[in-house]
Amino acid sequence: MTALPFKPARTDRERLRRAAWLAGLGLLLLVLPRLIYPVLALDILAWGLFAVAFDLLFGFSGLLSFGHAAFWGTSAYVTAYLLSHGQGVPAALLGGTLSALVLAVPIGFLSVRSAGIYFSMITLAFAQMLSFLAQQWTDVTGGENGLQGFARPDLLGLDFSDAVTRYYFSLAVFAVGFLLAYRAVRSPFGQAQQAVRDNEPRAQSVGYNPLRFKFTAFLISAALAGLAGSLYTFGHGVVSLEVVNWRTSGEVVMMTLLGGTGTLFGPVIGAGLVLLLRDILTTANLPVGIVTGLVFVLVVLFFRRGVVGTVQHWTRGRPR
Amino acid sequence: MNTQLLLIQVFNGLVNGAFYALLSLGLAVIFGMLRIVNFMHGALYMLGAFAAFALGQVAGLGFWPALILAPLLVGALGMLLERGLLSRLYGLDPSYNLLLTFGLTLLTQDLVKQVMLGRFEVSSAPYTTPAALTGVVNLGFVVFPKYRLFVIALSLAVCLLTWFVIEKTRVGSVIRASTENPTVTRAFGIDVGRWVTGVFGVGVALAGLAGVLAAPIYSVEPYMGAELIITTFAVVVIGGMGSILGSVVTGFAVGVLAAVGAAVYPPIANTLVFILMALVLLFRPSGLFGLPEGAR
């Protein structure tokens with residue numbers, strides 16, 4: 001896509017389409033725990049927000065992080081730790097998110113200086129460091145056993161032992177995170193971010209500092225991934241070494257690709273599809289890895305626009 | 001720590017380093033020439049080990065034929081993958097190659113797991129090394145298993161040979177020309193596509209060879225390549241992506257450093273390589289042997 005020197009005014013049609021997407025997704029998420037069992041619905045919220053966070057970096061900055069499990073996992077552990085040490089839910093969610101943000105400062109500083117595939121490898125390696133740390137530091141992480149059975153104290157009369165209540169509380173948190181990402185993408189910052197992605201030298205010549213934009217995008221993405229990891233712990237009640245495994249980093253890439261990169265709605269839908277697929281496969285006792293691996297390969301080969309990207313492509317009818 | 005213990009650790013480190021070097025050399029050849037980040041390298045290493053087990057043990061061919069045949073099989077599979085799947089992604093961002101091979105890794109690992117499930121217990125089966133390589137060698141200051149010395153020697157020899165072919169021979173210059181400037185090379189009447197497939201096959205066969213060598217030492221199981229490949233990626237970043245010399249030197253060096261480090265402070269064994277990587281990135285982002293970003 002060629003970058004225009006100015007941003008054309010958004011047409012009413014486009015505005016309508018966005019509102020329709022937003023309303024559709026909102027409605028779907030509102031009735032979700034009636035359609036599938038609530039813990040799976042909770043998982044979709046957490047992974048969906050994780051994928052949105054990842055897409056903020058990949059879809060809008062062109063940086064393929066292959067180590068986002070570092071932020072999701074760290075936050076998941078910190079949240080579990082805070083909850084099991086008598087902290088309330090808001091403090092645990094906030095603590096988890098902040099821990100991911102703090103971690104993102106050194107990692108982002110070192111990795112955004114590299115581009116393309118180098119960036120992917122570096123983020124992957126940093127995530128691996130954390131994964132080994134989580135394996136060694138069993139006092140805090142529980143090692144192979146993970147952490148479970150932590151309390152989720154009531155808040156404002158909400159009883160969090162009920163999964164449906166947990167779901168609707170998480171939906172509110174999810175909505176805040178999603179709208180934050182939505183605003184970030186549509187803000188002048190988001191526009192500049194995309195300009196840097198599309199043509200870095202040009203963006204630089206206009207006076208933007210590409211490194212600063214990438215670093216800021218990295219921080220926002222990591223913090224949102226942290227919030228998602230927090231929600232995961234809160235919803236699930238269990239944290240295991242899986243949260244910092246490289247498979248987790250790969251899985252979030254897959255969800256985003258399947259749903260459609262650079263669309264924000266896509267990652268949520270992608271997360272839903274992957275989790276539902278996995279649930280069906282597990283219940284039917286079919287080999288999960290083979291099918292998800294196959295889906296991944298097919299998406300990369302033939303379906304790179306993803307679900308939402310394809311729909312947008314057809315409805316807009318413009319080549320991209 | 002006494003000198004003897006240190007020497008034993010150095011040798012153990014060289015054995016691990018031999019595997020890092022072979023694997024990262026394969027990755028360097030493939031990335032340096034084709035710009036493909038082959039996430040599947042670990043899964044192909046695992047397939048090499050399984051092929052060695054199937055050919056040498058189950059089919060009863062013995063170690064030496066398996067040592068030759070298994071890498072050839074893995075290389076052939078790699079060429080099929082390159083022709084059938086990876087070649088569809090040329091011209092796109094290299095990230096897509098990474099993603100495709102990541103998907104293939106999940107697929108392969110679980111496929112092997114399903115196929116092997118209950119058939120035979122690979123890890124517990126006694127893997128016979130040939131008579132010539134059993135027993136130990138007394139090096140005067142330390143006693144060391146023959147087979148492990150063989151692994152170090154063979155890995156070194158293969159690495160040197162690969163470096164020599166690519167940097168010093170006519171074949172190497174054709175390969176480099178095919179990958180650096182396909183259009184001009186094609187104008188000279190060289191079938192670039194065939195060379196690309198060949199290079200991928202060779203790189204992948206190196207992973208297969210590492211797998212064969214690993215079979216008698218480590219337990220052969222579907223996920224044996226999963227953790228190793230991540231460490232190898234770090235080795236590649238430290239050495240400088242695509243640098244042939246860098247991958248070999250760094251592979252051995254990281255093996256030794258991690259083993260010696262582990263003797264001093266055991267928990268550091270698996271993390272040291274990533275700490276090294278962070279340090280290298282901080283002070284020399286293009287890697288120890290890599291060219292600066294602008295020169296690529």
Side-chain angles (χ1 to χ4, degrees), chain A residues 58 62-67 106-107 109-138 245-247 249-251 253-254 256-258 261 281 286-302 304, chain B residues 31 35-37 39 43 84-86 88-89 92-114 117 222 226-227 229-231 233-238 241 266-279 281-282 285-287 290 293 296:
Chain A
F58 180 49
L63 293 169
L64 172 63
S65 163
F66 220 81
I107 294 184
F109 177 77
L110 283 174
S111 48
V112 295
R113 295 193 295 171
S114 305
I117 213 71
Y118 297 83
F119 176 82
S120 306
M121 309 271 284
I122 291 158
T123 44
L124 173 66
F126 277 119
Q128 262 337 82
M129 261 203 253
L130 268 136
S131 168
F132 285 122
L133 189 69
Q135 277 172 36
Q136 303 289 345
W137 205 2
T138 43
N245 194 283
W246 56 265
R247 266 174 180 255
S249 298
E251 220 140 70
V253 182
M254 179 183 178
T256 309
L257 268 182
L258 180 60
T261 50
L281 291 172
L286 289 166
V288 179
I290 296 177
V291 181
T292 43
L294 196 63
V295 171
F296 206 128
V297 169
L298 293 177
V299 166
V300 174
L301 281 177
F302 305 112
R304 280 188 290 275
Chain B
F31 182 79
R35 299 279 123 173
I36 295 173
V37 178
F39 203 93
L85 302 175
L86 285 166
R88 290 166 190 275
L89 298 177
L92 291 170
D93 192 278
S95 305
Y96 287 108
N97 285 316
L98 173 72
L99 296 176
L100 181 76
T101 47
F102 173 77
L104 286 172
T105 304
L106 297 183
L107 188 68
T108 314
Q109 285 176 351
D110 283 39
L111 208 61
V112 170
K113 186 180 156 199
Q114 290 296 321
L117 216 60
E227 294 298 330
I229 187 63
I230 309 286
T231 308
F233 271 155
V235 168
V236 169
V237 172
I238 295 172
M241 281 182 75
I268 211 168
N270 289 326
T271 330
L272 188 73
V273 61
F274 300 108
I275 297 171
L276 283 177
M277 193 201 65
L279 287 175
L281 284 174
L282 196 58
S286 50
E293 210 126 332
R296 260 185 223 120

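Proteins come first, then strands; the chains are lettered A, B, ... in the order of their sequence lines, and each starts at number 1.
Comparing Leu301(A), Leu257(A), Ile107(A) by how many heavy-atom pairs each has under 4.5 Å with chain B, the most go to Leu301(A). In terms of non-hydrogen atom pairs under 4.5 Å with chain A, the most contact-rich of Ile230(B), Leu111(B), Val37(B) is Ile230(B).
Between Leu106(B) and Arg247(A), the closest side-chain pair of non-hydrogen atoms falls below 4.5 Å. Residues Leu89(B) and Arg304(A) meet the side-chain proximity criterion, which asks for heavy atoms closer than 4.5 Å. Counting only heavy atoms from C-beta outward, the side chains of Asp110(B) and Pro287(A) never approach each other to under 4.5 Å. Counting heavy atoms from C-beta outward, Met254(A) and Phe102(B) have side chains that stay 4.5 Å or more apart.
Of the two parts of Leu85(B), the backbone and the side chain both hold a non-hydrogen atom closer than 4.5 Å to a non-hydrogen atom of chain A. Heavy-atom distances place the side chain of Leu110(A), and not its backbone, under 4.5 Å from chain B. For Phe233(B), the parts sitting under 4.5 Å from any heavy atom of chain A are the backbone and the side chain alike. With a 4.5 Å cut-off on non-hydrogen atoms, Leu100(B) touches chain A through its backbone and its side chain both.
The aromatic rings of Phe66(A) and Phe39(B) lie tilted to each other, with the angle between the two planes from 30° to 60°.
Considering CG of Leu99(B) and CG of Leu64(A), their distance stands at 5.5 Å, rounded to 0.5 Å. The CD1 atom of Ile290(A) lies 9.0 Å from the NZ atom of Lys113(B); values are rounded to the nearest 0.5 Å. Of the inter-residue distances, the one linking Phe126(A) atom CZ with Met277(B) atom CE reads 5.0 Å to the nearest 0.5 angstrom.
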Ignoring hydrogens and angles, write down the donor-acceptor pairs under 3.5 Å from the side chains of residues 292-300 of chain A, residues two or more places apart or on other chains.
| unit_1 | atom_1 | unit_2 | atom_2 | d |
| --- | --- | --- | --- | --- |
| Thr292(A) | OG1 | Val288(A) | O | 2.8 |
| Thr292(A) | OG1 | Gly289(A) | O | 3.3 |

